[in-house]
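Please read the structure below before turning to the comments.
Naming convention: chains lettered A, B, ... in sequence-line order (proteins, then strands); numbering from 1 in each chain. This one's a predicted model, so the numbers in the text were calculated from it and none came from an experiment.
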Amino acid sequence: MSPLLGLSIDDTLGKLLMATIDKLKIKKSERSNASSCVNNITAKVVTHLKQNVNWCKDIERLRTGSYYENVKICEPDEFDVMRSIPVDVALKRHPNKHALHRFLNEDKTIQASEMLSEFRDAVKEAVQKLPCRSKQTCIKKKPRCPAVTLEVKMEENGKTISIDFVLGLKVHRASWPDFTKDGFKIETWLGKKEKANMKHRPFYLVSKYEGKGHTDAWRISFSHVEKEILKRHGHSKTCCEDVGYKCCQYLFSQRGRLQIQEDVQILLLSCKDHPSPCVCYKGNRQQVAYSQLAICFQQLLEDFVQHLRKCHLPNFFIPSHNLLRQASPSSCDFLANEIEFQLNNNFLIFS
DNA sequence: AATCGCTAAAGGGG
DNA sequence: CCCCTTTAGCGATT
C-alpha cells in the first residue's frame, strides 16, 4: 500500500495495538531471573519426589500455562508446572502390581484426594529441604484449588513469583474420549493432517476438588495441545494470536470480573470461525499489516462479546462444556459492555 | 536417570 | 533489518 494514501483509522489502530504489545512484553532480564529461580526449585522438587515417593518414580515435568505458551504479559510472575504420572494399560491389566494400586477405588477409578494429599506433603518436604532460599519460600493453600502453590521472593529484585505444582495423570490411548469428538475443529485453519497429528498426543487428567473435598474427580486437560496449536499458528504465518490473546488478557487484568481459566479458548474459537482475516504481524510491519491486525483484533473481541451476551463459551475441545456456566449474567454483561465501549472508542484503554 | 548438544523462538542492541 | 544472547524442548548418549 502506498504511503500516499495516508493513514486510515485502521492503520492508526493497528499501530496502537503494536505499541501496546511492546509495552506488555516481558523484559529479558526479568525472564532470566525468574526462570533460573523457577527451574532451580522445580528441578529439586522433582528429584525429591522421584526419590521419596514410590508412585512418583516416573514423574515428568510438563510446563504449561501462559508463561510457557509465550503469552504471559507484563511480568514473569506466574508459572505452572504439571507433575504427571504416566498411566498405562498395565494398571488396568494388573492393578495389584501397579504402584498406583492402593489409590484404586472398587470401581477401578483412581482416588484423587488421597494422591493429592500425599503429593502436597511430599512437595512440602522438598521445599523444606531447599537451601538458603527456603526462608523466602512459602506454600500457599488456596481454597478449592488442587495445585500446590509456592510463593518465592527473589533475591535479585525482591519481587514475588508463584509456582503452581499440579498433579496430573498422563493417559496414552488410541483415541481421546468420546465427548471431545465434536470439538477441536482446527481443520479450518491448520488442516486435517495437523489435526490427525495432534490427536495422537496423550491427554492429561488433572486432579480437582469436587464439593467438600472428598469426592474424587479428575478434569481433562489439553493444555499441551493448546500450546502446540499456538506454536504452529505462528509458523503458518496466519497468526493474530499474540495480539489477540495479550489484549484480551490485558482487558481481563484491568477490567475483568470473570474467573475464566481457559481464556486461550476465546482465541481458538475465533480462529476456527474466522481463519481468513488473520495476518501475521511478525516480520511484516508494513501498513497493510497494521490494518489487518486491527480488523482481526476487532473480530476477536466481537466474537467474545457475542459469547458473553449468551453467557455461553464452549470449551474448545469439549463443546458441551460451557466455560461461562458459573459466571452470572450481570458480570457477563458488564464485561461485554466494557469491551464494546473500547471497540467503539478506539481502545481508550491502550492510550 | 542425568547430561550434552542441537534447534527454534523471543528479546534486545546496533 | 541483522546479529547476538538466553531459554525451552527434544533426542541421543552415557
Side-chain angles (χ1 to χ4, degrees), chain A residues 3 15 17-86 88 99 122 126 152 154 156-157 159 161 163-166 168 170 172 190 194 197-198 200-202 204 221-247 249-250 264 267 280-290 293:
Chain A
K15 283 188 175 164
L17 294 178
M18 284 301 300
T20 308
I21 291 171
D22 285 340
K23 268 190 257 169
L24 297 176
K25 264 183 196 154
I26 291 176
K27 298 275 170 295
K28 203 173 173 179
S29 56
E30 308 260 309
R31 177 179 149 97
S32 187
N33 268 338
S35 66
S36 76
C37 175
V38 169
N39 290 339
N40 220 322
I41 292 177
T42 54
K44 279 173 183 149
V45 170
V46 82
T47 27
H48 181 270
L49 291 177
K50 274 176 188 286
Q51 286 166 358
N52 295 281
V53 186
N54 75 322
W55 51 270
C56 286
K57 276 203 286 283
D58 299 321
I59 206 161
E60 294 167 3
R61 176 175 61 175
L62 184 77
R63 295 151 155 139
T64 61
S66 55
Y67 173 80
Y68 293 106
E69 285 166 6
N70 281 316
V71 288
K72 183 79 185 74
I73 57 166
C74 301
E75 300 257 354
D77 54 357
E78 289 170 3
F79 297 81
D80 301 308
V81 181
M82 198 196 287
R83 305 314 204 173
S84 71
I85 317 280
D88 49 25
V152 189
M154 288 187 295
E156 291 84 354
N157 54 19
K159 286 184 180 165
I161 54 179
I163 312 171
D164 274 2
F165 292 112
V166 177
K170 178 180 181 178
H172 218 132
L190 291 180
E194 206 54 63
N197 269 341
M198 292 191 192
H200 288 132
R201 304 273 179 274
Y204 291 85
S221 162
F222 292 101
S223 59
H224 57 307
V225 182
E226 285 174 12
K227 185 170 166 179
E228 202 167 345
I229 294 174
L230 293 186
K231 226 167 121 189
R232 293 294 158 83
H233 201 87
H235 276 305
S236 67
K237 304 284 183 207
T238 57
C239 65
C240 62
E241 83 275 18
D242 283 16
V243 65
Y245 181 74
K246 283 174 180 171
C247 293
Q249 180 88 317
Y250 192 66
V264 169
L267 168 68
C280 184
Y281 67 87
K282 276 171 258 172
N284 183 4
R285 297 197 177 210
Q286 294 157 4
Q287 287 183 4
V288 62
Y290 283 121
L293 179 71

Exercise. Taking only N and O in the side chain of K227(A), is any of them less than 4.0 Å away from OP1 or OP2 of dG9(C)?
Worked result: yes
For this session: Take atom NE2 of H224(A) and atom C1' of dG9(C), then tell me their distance rounded to the nearest Å.
Result: 15 Å
Exercise. Are L62(A) and Y204(A) close enough, and set up right, to give a side chain to side chain contact (heavy atoms under 4.5 Å, CB included), and what steps lead you there?
Worked result: CA-CA 11 Å; L62(A) 184 77; Y204(A) 291 85; 3.7 Å; yes
Exercise. Can you tell me how far the CZ atom of R201(A) sits from the NE2 atom of H172(A), to the nearest 0.5 Å?
Worked result: 8.5 Å
Exercise. Which nucleotide, dT7(C), dG11(B), dA8(C), lies nearest any side-chain atom of K25(A)?
Worked result: dG11(B)
For this session: Would you mind reading off the distance between K44(A) atom NZ and dA1(B) atom C1', rounded to a whole angstrom?
Result: 18 Å
For this session: May I ask you to verify if any side-chain N or O of Y68(A) is less than 4.0 angstrom from the OP1 or OP2 atom of dG9(C)?
Result: no
For this session: Output yes when at least one side-chain N/O atom of S32(A) is less than 4.0 Å from OP1 or OP2 of dT7(C), else no.
Result: yes
Exercise. At what distance, to the nearest 0.5 angstrom, does CD1 of I161(A) lie from CD of E30(A)?
Worked result: 10.5 Å
Exercise. Does R63(A) put a side-chain nitrogen or oxygen below 4.0 Å from OP1 or OP2 of dG9(C)?
Worked result: yes
Problem set entry | Whole-Å distance separating the CG atom of N39(A) from the C1' atom of dA8(C) | 9 Å
For this session: Verify the contact: side-chain N or O of K28(A) to OP1 or OP2 of dT5(C), cut-off strictly under 4.0 Å; return yes or no.
Result: no
Problem set entry | Atom pair distance, as rounded to whole Å: NZ in K27(A) and C1' in dA10(B) | 13 Å
For this session: Please answer whether the main-chain N or O of A34(A) pairs with a side-chain N or O of K159(A) as donor and acceptor at a distance below 3.5 Å.
Result: no
Exercise. Is there a donor-acceptor contact under 3.5 Å from the side chain of K50(A) to the main chain of I59(A)?
Worked result: yes
Seminar exercise, completed: Rounded to whole Å, the NE2-C1' distance (H48(A) to dA2(B)) equals 19 Å
Exercise. Please give, in whole Å, the distance from dC10(C) P to E60(A) CD?
Worked result: 11 Å
Problem set entry | Spacing of Y67(A) atom OH relative to dG9(C) atom C1', expressed in whole Å | 13 Å
Exercise. Once you round it to whole Å, what is the distance between P of dT6(C) and CG of N33(A)?
Worked result: 13 Å
